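Working notes, structure below.
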Amino acid sequence: MTNTPPIDDVPISGEAVRLGQFVKFAGLLDTGGDVKEAIIDGYVTVNGEVDRRRGRQLQFGDIVSFDGRQVRVSR
């Protein structure tokens, strides 16, 4: 049996948020520079797939993962 980490819901205001902003807002990384490097280097996934675009628009329900943590964009 696999031990999947829990998914934390992180509410946003508005209809969408950029990946780079969300990673920092959700507390997955502390600084914008760290966020930029992690995304470009392919350490961040969206819905299970690597996405190297910091400006990708996330929608409600998208799950972002980094370093064993998972967070979901929620209302």
Side-chain angles (χ1 to χ4, degrees):
M1 185 169 148
T2 61
N3 189 10
T4 58
I7 300 172
D8 296 319
D9 288 321
V10 177
I12 63 166
S13 59
E15 293 299 313
V17 63
R18 291 187 186 118
L19 176 59
Q21 292 172 320
F22 185 72
V23 169
K24 188 173 176 190
F25 178 73
L28 296 176
L29 288 160
D30 294 327
T31 68
D34 289 344
V35 169
K36 180 179 179 179
E37 282 187 41
I39 292 172
I40 289 172
D41 290 343
Y43 296 118
V44 176
T45 64
V46 179
N47 300 325
E49 296 183 8
V50 171
D51 194 327
R52 290 182 162 94
R53 301 172 293 159
R54 286 184 301 144
R56 175 189 173 152
Q57 292 290 315
L58 300 176
Q59 306 298 320
F60 295 116
D62 284 340
I63 297 174
V64 177
S65 302
F66 173 74
D67 197 29
R69 289 188 56 204
Q70 295 187 69
V71 291
R72 179 177 25 235
V73 180
S74 66
R75 295 185 191 271

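Keep in mind it's a predicted model, so treat the numbers as computed, not measured. If you read the sequence from its start, that first residue is 1, and numbering goes on from there.
Atoms CD and CD, from Gln57 and Gln21 in turn, are 8.0 Å apart once rounded to the nearest 0.5 Å. To the nearest 0.5 angstrom, Leu28 atom CG is 7.0 Å from Phe22 atom CZ. The CD atom of Gln59 sits 10.5 Å away from the CG atom of Asn47 when rounded to the nearest 0.5 Å. With values rounded to the nearest 0.5 angstrom, Ile12 atom CD1 is found 4.5 Å from Phe60 atom CZ. The distance from atom CG of Leu29 to atom CD of Glu37, rounded to the nearest 0.5 Å, is 10.0 Å.
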Review point. What do the steps show when you test Phe66 against Val23 for side chain to side chain contact (heavy atoms under 4.5 Å, CB included), and what is the final call?
Key: CA-CA 9 Å; Phe66 173 74; Val23 169; 5.7 Å; no

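Note on Ile39 and Ile63: separate hydrophobic clusters, where clusters join Ile, Leu, Val, Met, Phe, Trp and Tyr whose side-chain heavy atoms are under 4.5 Å apart, directly or indirectly.
For Asp9, the salt bridge (Lys or Arg N to Asp or Glu O under 4.0 Å) criterion is met by Arg72, not counting sequence neighbours. In terms of the salt bridge (Lys or Arg N to Asp or Glu O under 4.0 Å) criterion, residue partners of Asp51 (sequence neighbours excluded) are, by chain and number, Arg53, Arg56. For Thr31, the side chain to side chain donor-acceptor pair (under 3.5 Å) partners at least two apart in sequence or on another chain are Asp34.
With hydrogens and angles disregarded, a donor-acceptor distance shorter than 3.5 Å links the side chain of Arg69 to the backbone of Gly27. A donor-acceptor pair is defined here as one N or O able to donate and one able to accept, closer than 3.5 Å; no such pair exists between the side chain of Asp41 and the backbone of Ala38. Formation of a donor-acceptor pair under 3.5 Å by the Asp8 side chain with backbone atoms of Val71 is not found in this model.
Proximity of Lys36 to Arg54: side-chain heavy atoms (C-beta onward) are separated by under 4.5 Å at one or more points. With a 4.5 Å cut-off on side-chain heavy atoms, Arg75 and Pro11 do not count as touching.
Here the rule is side-chain contact (heavy atoms from CB on, under 4.5 Å) with Val44, and of Leu19, Asp67, Val35 only Leu19 fits it.
The two residues Ala26 and Val10 make their nearest non-hydrogen contact at CB-CG2, 4.0 Å.
Shown here is Tyr43, whose OH atom has no more than 12 heavy atoms of other residues, nucleotides or ligands within 6.0 Å.
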